[in-house]
Amino acid sequence: MEQSSLHELIAVRRQKLEKLNASGVDGFGAAFPADGSVGQVAAEFAEGKVVRVAGRITAHRNMGKSQFLDLSDFTGRIQVYLNGKEVGEEEFTIFKQLDIGDFIGVEGECFLTKMGEPTVHARKFEVLSKSLRPLPDKWHGVADAEIKYRQRYLDLIANAESRAVFEKRIRIVREIRNFLEAKGFLEVETPMMQAVAGGAAAAPFQTHHNALDMDLFLRIAPELYLKRLLVGGFPKVFELNRNFRNEGISRRHNPEFTMLEAYCAFADFSIMADLVEEMVCSIAEKVCGGLAIEHRNAEGEVVKTIQLARPWRRAAYADLIRGVVPEWYEISPEERRARAVAMGLDITHCAEDYEVTQHLFEKCVEEKTMDPLFVTHCPKELVPLAKLSPGNPETVEVYELVINGQEISPGYSELNDPVVQRRRLEEQSGGETHKVDEEFLLALEYGMPPAGGIGIGIDRLVMMLTGAESIRDVILFPHLRNR
RNA sequence: GGGUUGGUAGCUCAAUGGUAGAGCAGCGCCCUUUUAAGGCGUUGGUUGAGGGUUCGAGUCCCUCCCAACCCA
């Protein structure tokens with residue numbers, strides 16, 4: 001039995017399981033109605049009270065006749081005590097052989113140890129599930145990124161900080177739904193499999209429907225279906241679900257990601273900016289306990305604080321550029337290119353003039369903007385499908401919300417002219433890659449009310465609100481290469 | 001796709017080119033209020049994979065795999 005390479009550790013646990021079975025105990029037991037979660041039982045602790053509680057063993061302290069173990073679940077931890085003289089010999093043997101990782105259920109009365117620790121004095125216990133593999137170190141947790149992402153369950157068991165991030169994400173998503181519902185928005189579900197992957201410019205994943213013998217794409221955005229619903233008479237709709245983009249993977253990109261899109265009839269981008277501002281602040285207050293969002297490093301030191309306090313700054317794209325280089329729009333395109341290169345920006349030879357400016361924007365404005373900033377009056381080349389500004393045909397009726405150095409949310413005054421929309425989509429499609437969604441254009445011809453629309457990248461929002469540095473830390477099962 | 005860094009026991013980490021180690025976990029013994037329990041003893045390794053250089057490679061070189069970060 002003196003063995004401890006992995007397969008030997010497993011063999012030891014299998015032998016324990018066989019011993020359980022031999023003594024008539026099912027190592028994978030049945031339901032165990034408890035008095036609540038571990039946290040609830042701990043919170044309602046009262047000396048002398050008899051309780052039933054179930055959880056995973058996270059520590060085992062063997063003191064001979066006195067056996068102590070920690071029982072844990074997401075809600076908390078409670079200590080269990082068992083006295084070898086108070087149970088049968090066989091039962092005591094079974095208890096002593098329990099492993100860290102096993103699920104058990106316990107019944108007994110509450111008491112305080114000499115050290116004052118609330119403890120359940122077990123009179124009965126049941127093995128609910130034998131764990132056949134050793135769990136990660138209880139003290140150091142899981143540090144290996146591959147284990148964290150490929151075997152998230154181990155990360156969740158071992159790392160309380162990870163658990164906290166995902167609990168926060170769940171609450172953020174719930175509060176978004178609550179907020180929008182309270183504002184009169186209806187949540188809808190539109191196709192994830194689309195014959196034309198529209199609503200954004202991105203490479204789609206392709207699939208095939210056998211019975212219909214039809215190629216389909218996983219959606220890159222729900223936009224064109226949500227707009228059909230505006231045509232159909234929904235005044236305020238939203239969808240909060242997955243989009244899929246067949247593009248690179250990085251600290252900020254996962255092939256499937258969660259997006260909120262919301263549309264409000266008779267509104268515009270400015271009204272939608274107000275809505276987003278109110279929503280994000282409302283969520284932060286409920287989930288983060290305030291509007292100052294602290295990001296900490298691995299040592300727990302605060303490395304940056306994002307101030308969400310309203311009103312959020314709004315500034316025109318061109319003014320932000322002038323804030324970096326005052327004479328930017330007075331000099332020639334060639335001079336702009338030279339200035340950008342001189343500033344250390346990586347400008348390719350084929351970059352258009354507006355792309356040079358955008359590059360400057362990304363490096364010198366976006367990446368440095370931590371507190372919320374609505375960028376308005378974006379150049380029309382950057383957002384080809386948006387409505388042009390009435391007073392300035394070079395800019396569009398769009399905001400881009402930047403927080404934490406990233407684009408978090410765009411907002412539009414949606415284009416509802418079917419003739420202009422058709423022309424733009426045809427220009428955008430160019431070749432075969434982006435087919436035009438004729439069914440969408442058909443719907444527009446029946447009349448879509450002017451509307452404000454927004455998108456919010458939920459993963460990035462959660463990163464901002466939790467201080468996660470990688471999108472992989474806010475997605476339970478991020479995509480990795482096959483091992 | 002390019003660059004940089006990394007991959008050593010179940011977990012967290014050491015190891016000038018010279019006998020692969022520690023803590024925790026595991027296993028055995030002792031212990032009736034411990035709590036990162038403690039004491040004594042003890043097992044466990046194809047050092048990501050494959051080549052090469054060398055008397056000798058975890059360490060140096062090459063190819064490949066996986067990951068993290070930066071860039072595109």
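Chain A is the first sequence line, chain B the second, and so forth, proteins listed ahead of strands; every chain is numbered from 1.
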**Request:** Using a cut-off of strictly less than 4.0 Å, decide whether A/Lys114 has a side-chain nitrogen or oxygen near OP1 or OP2 of B/A37.
**Result:** no
**Prompt:** Which one is paired to B/A37, where only Watson-Crick or G-U wobble pairs with both distances under 3.5 angstrom count?
**Reply:** none
**Request:** Taking only the side-chain heavy atoms of A/Lys16 (C-beta and beyond), determine which of B/C69, B/G10, B/C27 contains the nearest atom.
**Result:** B/C27
**Item:** Pairwise P distance for B/A68 and B/G17, with rounding to whole Å
**Value:** 29 Å
**Asked** What integer number of Å spans the C1' atoms of B/A72 and B/G58?
**Response** 34 Å
**Message:** Mind checking if A/Ile10 touches a base, just sugar-phosphate, or nothing, with heavy atoms under 4.0 Å?
**Reply:** nothing
**Prompt:** Mind checking who B/C11 pairs with, Watson-Crick or G-U wobble, both distances under 3.5 Å?
**Reply:** B/G23
**Message:** Please classify the nucleic acid contact of A/Arg251 as base, sugar-phosphate, or nothing, using heavy-atom distances under 4.0 Å.
**Reply:** sugar-phosphate
**Message:** If I pick the P atom on B/C27 and the same atom on B/G44, what distance separates them, to the nearest angstrom?
**Reply:** 16 Å
**Asked** Can you name the closest pair of heavy atoms from A/Phe32 and A/Gly105 and give their distance?
**Response** CZ-C, 3.5 Å
**Asked** Choosing from B/U33, B/C71, B/A68, which nucleotide comes nearest the side chain of A/Tyr149?
**Response** B/A68
**Prompt:** Using atom P of each nucleotide, how far apart are B/G6 and B/U16 to the nearest Å?
**Reply:** 14 Å
**Request:** Determine the Euclidean distance between corresponding C1' atoms of B/A20 and B/A57; express it in Å to zero decimal places.
**Result:** 12 Å
**Item:** Parallel, tilted or perpendicular: rings of A/Phe374 and A/Trp312 (30°, 60°)
**Value:** tilted
**Request:** May I ask which nucleotide in the shown strands pairs with B/U43, Watson-Crick or G-U wobble, both distances under 3.5 Å?
**Result:** none
**Message:** Classify A/Ile147 by what it touches in the nucleic acid, base, sugar-phosphate, or nothing, heavy-atom distance under 4.0 Å.
**Reply:** sugar-phosphate
**Request:** Using the C1' atom on both, measure B/G48 against B/U43 and round to a whole Å.
**Result:** 25 Å
**Request:** Using only side-chain N and O atoms of A/Arg483, determine if any of them is under 4.0 Å from OP1 or OP2 of B/C65.
**Result:** no
**Request:** Check the pair A/Arg339 / A/Trp328 against side chain to side chain contact (heavy atoms under 4.5 Å, CB included), numbers first and verdict last.
**Result:** CA-CA 9 Å; A/Arg339 288 292 288 268; A/Trp328 186 260; 4.1 Å; yes
**Message:** Go through it in stages, so that I can follow the logic: the residues are A/Val87 and A/Phe92, the test is side chain to side chain contact (heavy atoms under 4.5 Å, CB included), and I'd like the CA-CA distance, side-chain angles, deciding distance and then a yes or no.
**Reply:** CA-CA 6 Å; A/Val87 295; A/Phe92 189 52; 3.8 Å; yes
**Message:** Taking the nucleotide of RNA chain B with the nearest heavy atom to each, does A/Asp70 or A/Asn83 sit closer to the 5' end?
**Reply:** A/Asn83
**Prompt:** Considering only side-chain heavy atoms of A/Asp346, which listed nucleotide, B/A36, B/A72, B/G44, is closest?
**Reply:** B/A72
**Proximity to the side chain of A/Val12 - top-ranked nucleotide from B/U12, B/C27, B/U34** = B/C27
**Asked** Below 4.0 angstrom from OP1 or OP2 of B/C69, is there any side-chain N or O of A/Arg472?
**Response** yes
**Request:** Determine the interatomic distance between P on B/C64 and the same-named atom on B/C70; round to the nearest Å.
**Result:** 24 Å
**Asked** Can you find an N or O donor on one side and an acceptor on the other, under 3.5 Å apart, linking the side chain of A/Thr113 with the base of B/U35?
**Response** yes
**Request:** Write down the distance separating the C1' atoms in B/G38 and B/G23, rounded off to the nearest Å.
**Result:** 16 Å
**Request:** Could you tell me whether A/Gly84 contacts a base, only the sugar-phosphate backbone, or nothing, with contacts defined as non-hydrogen atoms closer than 4.0 Å?
**Result:** nothing
**Message:** I want to check one thing: is the phosphate of B/U34, taken as OP1 and OP2, less than 4.0 Å away from some side-chain N or O of A/Arg61?
**Reply:** no
**Request:** Evaluate the criterion side-chain hydrogen bond (donor to acceptor under 3.5 Å, both in side chains) for residue pair A/Asp70 and A/Ser72; output intermediate values, then yes/no.
**Result:** CA-CA 6 Å; A/Asp70 288 347; A/Ser72 302; over 6 Å; no
**Request:** Return the nearest nucleotide to the side chain of A/Ser5; candidates are B/A25, B/U35, B/G44.
**Result:** B/G44
**Request:** Return the nearest nucleotide to the side chain of A/Ala145; candidates are B/U35, B/G10, B/A68.
**Result:** B/A68
**Message:** I need the single residue from A/Arg14, A/Lys16, A/Arg133 that forms a salt bridge (Lys or Arg N to Asp or Glu O under 4.0 Å) with A/Asp99. Which is it?
**Reply:** A/Lys16
**Request:** Ignoring hydrogens and angles, answer whether the base of B/C31 and the side-chain atoms of A/Asn62 contain a donor-acceptor pair closer than 3.5 Å.
**Result:** yes
**Request:** Check whether the side chains of A/Thr113 and A/Thr119 place a donor and an acceptor atom closer than 3.5 Å, and report yes or no.
**Result:** no
**Request:** Using heavy atoms to find the nearest nucleotide of RNA chain B for A/Gly141 and A/Thr119 separately, return the residue whose nucleotide is more 5′.
**Result:** A/Gly141
